[in-house]
Every structure is written in C-alpha cells, then in structure tokens.
Trainee: 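The structure under discussion is supplied below as structure tokens; questions concerning it will follow.
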2 protein chains.
Amino acid sequence: MKPSRAPQVLENPSLGEAAQLIKKGIAQKKTVIIACHCTVDYEGRANSTLGPGDRVVLIKPDGSALVHRPKDYAPVNWQPPGSLFKTTLKEGEVELRAYRRKEKERMVVHIKKVVLAAALELRDSGEFTLYASERDMQEAILLEPSLLEEGFRPVTKERPVDPGFIDVMGYDSDGNLVLVEIKRGRADKNSVEQLKKYMDVVDRDDSRRVRGLLVAPEATRGALKLLAQLGYEFKPLTPQKCSEVLRRRRATPLTRFLSGSR
Amino acid sequence: MKPSRAPQVLENPSLGEAAQLIKKGIAQKKTVIIACHCTVDYEGRANSTLGPGDRVVLIKPDGSALVHRPKDYAPVNWQPPGSLFKTTLKEGEVELRAYRRKEKERMVVHIKKVVLAAALELRDSGEFTLYASERDMQEAILLEPSLLEEGFRPVTKERPVDPGFIDVMGYDSDGNLVLVEIKRGRADKNSVEQLKKYMDVVDRDDSRRVRGLLVAPEATRGALKLLAQLGYEFKPLTPQKCSEVLRRRRATPLTRFLSGSR
DNA sequence: TAATAAATGTCGTTT
DNA sequence: AAACGACGTTTATTA
C-alpha cells in the first residue's frame, strides 16, 4: 500500500497516477492544480462545449472549480463554491465531474493528458482590505460634506425609500433637500435612472424643492444629457480623493480634535 | 551556463530559483503557476492590501495575472490582459509586479516562500461554444414565433430605437404591435424599466396600441408588480427550451422542408 | 430566502 | 475610443 504522504506534485504522470492524486487531494480538502490537455462540457443555467486544448484546472477546498485557458481574466468554465466532485479513471481519460445537485448544474472536464498535477495544503487567513470603494466615497462625504459643496449637511447615512436606499441625503445651504447617487466609476444612463427612481419617490412625498445630485469621477455623454433633461446635477469626485480624505481623517483624529478645540 | 531547457517545475525552490523560473517563464510567454506564501498590494482603480497567506498565482502569456485564495470563484487580486511584469529578487522575497502604464494600475505580489513554481507552454486553440444565451432565445423566437403566442409575427430581428435596440418586435394576431424584452435569467425591475424605455419611445411615434412583453424563465415579485402597473405582460420561457428549439430546427432543415412542401 | 445594487466587475459589439 | 448591455456574471447586504 502506498504511503499516505504520497508525492503531492507529479510531472507528466500517467492518467492513473493523476486520477489518484486528484481524488485524494479533493478528499483531503486540498487545493488541486492540474495542467492538462482536456475538453470541457457544461450543462446547467446554460450549456457549453470546449474543444481540446491545454488548460489549468484549479479545484479549491471550498468546492469551487475553475478551468483557465492560457488567456483572459475569466475562467472559460467553472463551478461555484459548494460543488461536489467525482473523479473517474476511464479509457484514455480522467473524467472530473463538478456538480451542484440543487442547481442541476454540472461541469465535466475530460482530461486526456496531464502535464502537471499537484495537491497542496494552502492556509490562508490573511485579511483583505479594499479602499476607494463606493462605500468609502459615501463615508468620506459624510465626514467631509464640503466634498460635495460648501454648506452641505448630510442627514442620515442611508435612508430607506421605497425602491431601496439613497446613497447620501442632506440639505444644501439654502435648505433644499439633496438626494445623492454615488458611482465609483464612470456614471452612465443607468446611474441617472437610479437617481431618478429615488427622486420620483421623494418628490411625491415631499412638497419642497428637491435636488438630484450624481457624484462620480466622470459621466458618459448620455448620462450628462439625461441629467440635464431631468434637471439634475453632476459633481465630479474620484474614489481616490475620498480614500485620501478618509485616511487623513482617521489617521489624525486627536490632532484635529485638539486643533479644533483651540 | 545552465541549459535553456532548465527544469520547468520546481518543488520548494529557493527564492532565487523561483525568481529565475518566473522571469524566464514570463519572458518566454509561458503560463506560469506559483503556489506560494505571499502578500499582495494593489493600487489603481481602487486600492487594496492582502495580508500573508498561501495562494496560487497564475500568470498568462496574454499578460493577465490572477491571485487565487484557496476559496471563492473570483481571484482576490488580479491584473487584466495586456499587463507588463517585472520580477525582482529581493531580501527575503521575490517581488512580482504586474502593471498597466496607461491605466496607472499596479499589483505587487510579495512572495515570501514558494511551494511550487512551474512555467508551462500551454497551447489552446479549442473552440468554445455557449448555448442557451439570450441571443439564442432571440433566434429561437424568430424561428418559432409561437414560442411567444399563437399568431405572433416577428418583424425585424432588432429595430434600432432611440435608446438602443429592441430584442424582438412583431405583431400579434390582432395586428397590435408587440415589443419584446428578453432575459435569460430571472427578470427584475430593471428588465421592466428597460422595456418601458422602448415602449415610451414607440408609444410616442406610434398611435396604434402597443403591447409590452417581458420574456424570461421567471420574474421577481417586484418586476411582476411593475409590469402590472404599466400594463405590460409576462411570458415565461426558458433559455433551455429555446436552445432545444434551435437544435431541432437546425438539425432537420431538409426534413422540415420536405414535409412542409407536401 | 428573495431582492437589490456594487464590482479594480469583464467582455463583446456597435457607433 | 466611447457607450451600452449581457454575463452560466459573482458577491455582499438587507428585508
């Protein structure tokens, strides 16, 4: 009998050796990497076929699986986390099935030749932090309302309104209600329509003048045109700028407090 | 001097050996796979940091790079195709830089320990075909209009209208104009609003009665409510069903012609 | 669980 | 290059 600590990396293995490594790797909840010549079939939310070629197959311990061609950001085929796997050694191929019962969805990788197979125990508890998100823009505006315009006073972070939540809401220096829609990327017509949905609801409830303000680093021509038609406004603001504001504010709260209290 | 066909797979290599393999692999336009302990920093459209942990780094010959944690469908960090790379052996780490000049965007992987490094020549010209897309639904409806309702007669595949293109347009058995919006997944409020945009334009130009028809496998409650409010209709239809229709139609054109001509 | 909107979305297509 | 919409989108958040 083979030792349980069988080699975890195989170069140009036989299909039998590869099948064994894949099976064991998946069973032991390891991360399995396979560089191979294969075809792929998918049936589920859609159907797809992929002709023969060399790809990298990645099987993760959370039950996700990816088939990557030697190009593109996105996998050509995949199965989301929570999938189950079945590896079968057949005549001339290793068949790797990744399926989700509930979704009636399955991806089948027909592995014809394995160049490299590895089963690795990857431990990863590193923290991931993303800055300059739309959320950050929101918080920056609340901390430093003058980012929008002088005299702007935010009311609540997000007020529930019929359709959903308004990104920011407040009053301008003239006391007008201002509804703000934030986009971290170039705003398009959709962004304006999203703002319009909120405006429509608040306009109904509120007899006062209400201003609609789209905040984004830039906007498409179509968006600007639609804004003009609806009488809304555009305020250019980059997520990077907001991120800096947050960093500064958070880095020096005591200093600000002291200097502010003099 | 080392032979140019140096080992392409290294298990637990030194940082120096790994750096050499990565550099050469990238220079030779190979697919480079690195399983390593690392941290990642990203600056560009947003900013992010990723603390220490074990990941799989994939570098593709088209200049895309992915950092995959042992979980999730999506990479935790990445750089799109067309990126440039710089690999530097430093004190205690291999620094892998992936950057895009034009976008002022860079991802830096600080590789502290390499478990597995491989540079592989992957050849992949296999054809990928996706079935049951929204496009397929459109074509199936044009080929078999009764999928929508008896007596439906499509006019043109897509007619340009101010906002864009209508998925399908036609006349019902009573001669009413019908505008069709297709969704391959569950239709939501946005889908209805998209249909409304087209309806608004055509309603203006056209004095006849115009019907709005949303076609999708299912629809959210909100979408159905909005549909009812606007007086539009919903026709359940799955992409799978359309795909079957297409397959049948395409598989037996001669037979149909013969039987149809009797 | 359903719905809603963000995403370093990516990717194709058309203007 | 810009805009626009689909995607087997995925993912997180919230009712």
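Proteins come first, then strands; the chains are lettered A, B, ... in the order of their sequence lines, and each starts at number 1. From a predicted model like this one, the values you see are computed outputs, not experimental measurements.
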Trainee: Please name the pair of heavy atoms, one in A:Pro80 and one in A:Glu105, separated by the smallest distance, quoted to 0.1 Å.
Mentor: CD-OE1, 4.4 Å

Trainee: The criterion is side chain to side chain donor-acceptor pair (under 3.5 Å); which residues satisfy it with B:Asn47, sequence neighbours excluded?
Mentor: A:Gln240

Trainee: Would you mind classifying the nucleic acid contact of B:Glu181 as base, sugar-phosphate or nothing, using non-hydrogen atoms under 4.0 angstrom?
Mentor: sugar-phosphate

Trainee: Counting only side-chain N and O atoms of A:Arg221, is one of them less than 4.0 Å from OP1 or OP2 of D:dA2?
Mentor: no

Trainee: Which whole-number value in Å describes the distance from B:Lys225 NZ to C:dA2 C1'?
Mentor: 15 Å

Trainee: Could you check how far CG of A:Asp167 sits from P of D:dT13, rounded to whole Å?
Mentor: 15 Å

Trainee: Measure the shortest side-chain to side-chain distance between B:Lys60 and B:Leu66 over non-hydrogen atoms and say whether it is less than 4.5 angstrom.
Mentor: yes

Trainee: Could you tell me the separation between the CD atom of B:Glu193 and the C1' atom of C:dA3, rounded to a whole number of Å?
Mentor: 14 Å

Trainee: Any ion pair linking A:Arg250 and A:Glu139 (charged N to carboxylate O, less than 4.0 Å)?
Mentor: yes

Trainee: For D:dA6, take OP1 and OP2 only and decide whether either is under 4.0 Å from a side-chain N or O of B:Gln194.
Mentor: yes

Trainee: If I take atom CG in residue A:Asn190 and atom P in nucleotide C:dT4, what distance separates them, rounded to the nearest angstrom?
Mentor: 15 Å

Trainee: Atom CD of A:Glu103 and atom C1' of C:dT1: how far apart are they, to the nearest Å?
Mentor: 13 Å

Trainee: Would you mind building the protein contact string for nucleotides 7-15 of chain C? One character per nucleotide, 5' to 3', B for base within reach (heavy atoms under 4.0 Å), S for sugar-phosphate only, - for untouched.
Mentor: SBSSS----

Trainee: What distance, rounded to whole Å, do you find between the two P atoms, one in C:dT8 and one in D:dC4?
Mentor: 23 Å

Trainee: Side chain of A:Tyr73, backbone of B:Pro81: donor and acceptor closer than 3.5 Å?
Mentor: no

Trainee: Check this for me, if you would: do B:Glu233 and B:Arg211 make a salt bridge, where the nitrogen-to-carboxylate-oxygen distance has to be below 4.0 angstrom?
Mentor: yes

Trainee: It should be established whether B:Lys189 places a side-chain nitrogen or oxygen under 4.0 Å from OP1 or OP2 of nucleotide C:dT4.
Mentor: yes

Trainee: Which whole-number value in Å describes the distance from A:Leu226 CG to D:dA3 C1'?
Mentor: 14 Å

Trainee: So what's D:dA3 paired with, Watson-Crick or G-U wobble, going by both distances under 3.5 Å?
Mentor: C:dT13

Trainee: How many Å lie between CG on B:Asp188 and P on C:dA5, as a whole number?
Mentor: 8 Å

Trainee: Considering only atom P, compute the distance from C:dT4 to D:dG8 and round it to an integer number of Å.
Mentor: 23 Å

Trainee: Rounded off to whole Å, could you give me the CD-to-P distance for the B:Glu218 and C:dA2 pair?
Mentor: 9 Å

Trainee: Are the charged groups of B:Lys196 and A:Glu193 less than 4.0 angstrom apart, N to O?
Mentor: no

Trainee: Given the C1' atoms of C:dA7 and D:dC7, what is the spacing between them in whole Å?
Mentor: 13 Å

